[in-house]
Amino acid sequence: MAISRRMFIGRTAATIAGASIATSLGGFAFAQASDTLRLAFAARGVRTIDPARSIQGADEWAIIHIFDKLVEVPLGHFPTSVAEVQPSLATSWSVTPDAKSWTFQLRQGVKFHKGYGNLTSDDVKFTFDRLRNDKALGGNRVLFDNIADVKVDGPATVIFTLNQPDPLFIMGPLSHYSSSIISRKALEEKGAPAFEKDPIGTGPYQLASVESDPSQGVKLTVNKDYFGDAPATPNLQIRYIADTTARTLALLSGDVHMIEGVRAPGWVPSIQQRNAKLHFDVASPGSFFTVSMNLTVKPFDDIRVRQAIAYLINRDELASAMAPVSQRTYGLNPPSFLGGFTADTIPAAVRYDHDPKKAKQLLAEAGFPNGLSFNAYTSQREDYSSVMLIIQEQLRAGGVEMKLDIKDHTAFHADQAKGTNTMFQRSAAYPPVPTQAIIEQLTAAAEVKSDGSGGPNFSHYGVAIPGIDEMLKKAMQEPNLEKRVKLVQEIEVKFLTDMPLLPISDNGYLVVRAANVDLGYELKSGYAHWRLTRAKIG
């Protein structure tokens, strides 16, 4: 359905009113101490718990607890260097001087869930061979294109050979949730469709059930054979409550302990006013929010139109509206990342500060002196819809009418993954590896496909028009990190000039936690999910 920003603000007000109702019903009756930590996220239901196939953030909270990776980032923050990456299924590793060969020694005696045997090097090889070669996996596959080969040397040694040197290999692809190690035996016995709803990993929790009622979601129970410390709380329940008011009331009434916060104007202050004891956990920089223009659809095949759109979008206003979770970005990599452009370092030619006069001039040169209109759709989830509704008004002020439909979040992902949108939105978290977001969103290999088998290069950049692939190849061949970062900055200037994609902001991922829940560590940065193995309900 078509929706306006006025309607959205009305819905936000209704959410706040709903919170007031909860207060009037007897205050904040938070969930009592129990053996089950309950979380609720803004989605209609589970899509998949297969780490190789997942593209929905809510599902990833189950995935990161059911599975382990070879390595882990520290609890509560991204590593600042490879020295901070921590052992997990691998106890140690080494890399050759050219950064093209990585050898991992596996932990001995690790058991897969539900009697599927011990982890071996064959499971690791199977996991990454599948990630590299199964075209049906779609979006995440491009992250592993640099892996040339995976070999085993006995049951406990795995050797990765890379096409290009990667000094940050363990901070990039290997830290992503999709590189979770799966049981070869389980996948082959169950088949891929069954594995998506009944996965077998080695993690601190194992799947207990996937409920038919989405509001009851996915239930996990402690893995008693886990090689690490036992979770502080025996059970986790990941629930799916798309409606903001219902999700907020679930927290305020004590039905759940933690909820996905609303990254929308005014929501955080409204909730803070109702209870100062709530914890607001923000993983910063969180999700990179970007918009991509479909270069295969007129008028976005004209660079002047794309640049005009960029000049009409006021990113400072957007970041201010989304405070305190949002920060303006200048390039695809945020200022806090290695080589990320800042307000002071971004070249003026690709800064794209708000300039309606410049935008109208470009539109006139492109043959649209009286403006233009186009259709697009977005997700009903607040961080998507609020940003896109503000952009809708900013474009309208410059003579560009974006006719915007709002879709269910799960349906939005399914449709957008088939390339059916015109102005695409993506909200995705990345490790502090300057090439990773570029690989996933701007390379020809990541081009979106109509059958859903492609990646999140929604603009068709590098296919519809020449892109950055050769520049990226050069950067990936450079083993020196400082020189590589400079090459990445040249890539950023190139794509910002061509404007297939406009970085909007970094939206810190927000979870609101009940006063009686202790995470067990301080959260500073990281992906849009974090392990809860130390979390306790007081």
Decide whether [X] and [Y] meet the rule of one side-chain donor and one side-chain acceptor closer than 3.5 Å.
| X | Y | value |
| --- | --- | --- |
| Asp213 | Ser215 | yes |
| Ser54 | Asp59 | no |
| Gln380 | Ser385 | no |
| His77 | Ser525 | no |
| Thr202 | Asp68 | yes |
| Gln216 | Tyr240 | no |
| Thr345 | Thr342 | yes |
| Asn507 | Ser505 | yes |
| Asn421 | Gln416 | yes |
| Ser292 | Gln441 | no |
| Gln425 | Tyr384 | no |

Under 3.5 Å: donor-acceptor pair, side chain of [X], backbone of [Y]:
| X | Y | result |
| --- | --- | --- |
| Asn118 | Gly109 | no |
| Thr533 | Pro231 | no |
| Ser179 | His176 | yes |
| Arg247 | Ile241 | yes |
| Gln237 | Lys219 | no |

Option from Arg47, Arg381, Arg44 for which salt bridge (charged side-chain N to carboxylate O under 4.0 Å, His left out) with Asp408 holds: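 In the set Arg47, Arg381, Arg44, the residue that makes a salt bridge (charged side-chain N to carboxylate O under 4.0 Å, His left out) with Asp408 is Arg44.
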Stepwise side chain to side chain donor-acceptor pair (under 3.5 Å) check, Ser92 with Gln105: CA-CA 5 Å; Ser92 63; Gln105 301 301 322; 5.7 Å; no
Is it true that, when you exclude [X] itself, more than 12 heavy atoms of the residues, nucleotides or ligands shown sit nearer than 6.0 Å to its [atom1]?
| X | atom1 | answer |
| --- | --- | --- |
| Lys524 | NZ | no |
| Arg107 | CZ | yes |
| Lys111 | NZ | no |

Should the pair [X] and [Y] be assigned to parallel (<30°), tilted (30 to 60°) or perpendicular (>60°) ring geometry?
| X | Y | result |
| --- | --- | --- |
| His413 | His409 | perpendicular |
| Trp93 | Phe104 | tilted |
| His65 | Tyr205 | perpendicular |

cation_pi(Lys407, Tyr377) dist<6.0 Å, angle<=45: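 Yes, Lys407 lies over the aromatic ring of Tyr377.
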Working for ring pair (Phe, Tyr, Trp, His ring centres under 6.0 Å), residues Phe341 and Tyr330: CA-CA 6 Å; Phe341 282 126; Tyr330 297 89; 8.9 Å; no
Candidates Phe78, Tyr509, Trp61 - the one meeting ring pair (Phe, Tyr, Trp, His ring centres under 6.0 Å) with Tyr527: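 It is Phe78; the other options fail the test.
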For Thr48, the option from Arg53, Lys197, Glu196, Gln56 that meets side-chain hydrogen bond (donor to acceptor under 3.5 Å, both in side chains):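 It is Glu196; the other options fail the test.
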Check: Phe288 ring centre within less than 6.0 Å of Phe337 ring centre: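 Centroid separation for Phe288 and Phe337: below 6.0 Å.
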Tyr177 ring center within less than 6.0 Å of Phe67 ring center: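 That pair fails the under 6.0 Å test.
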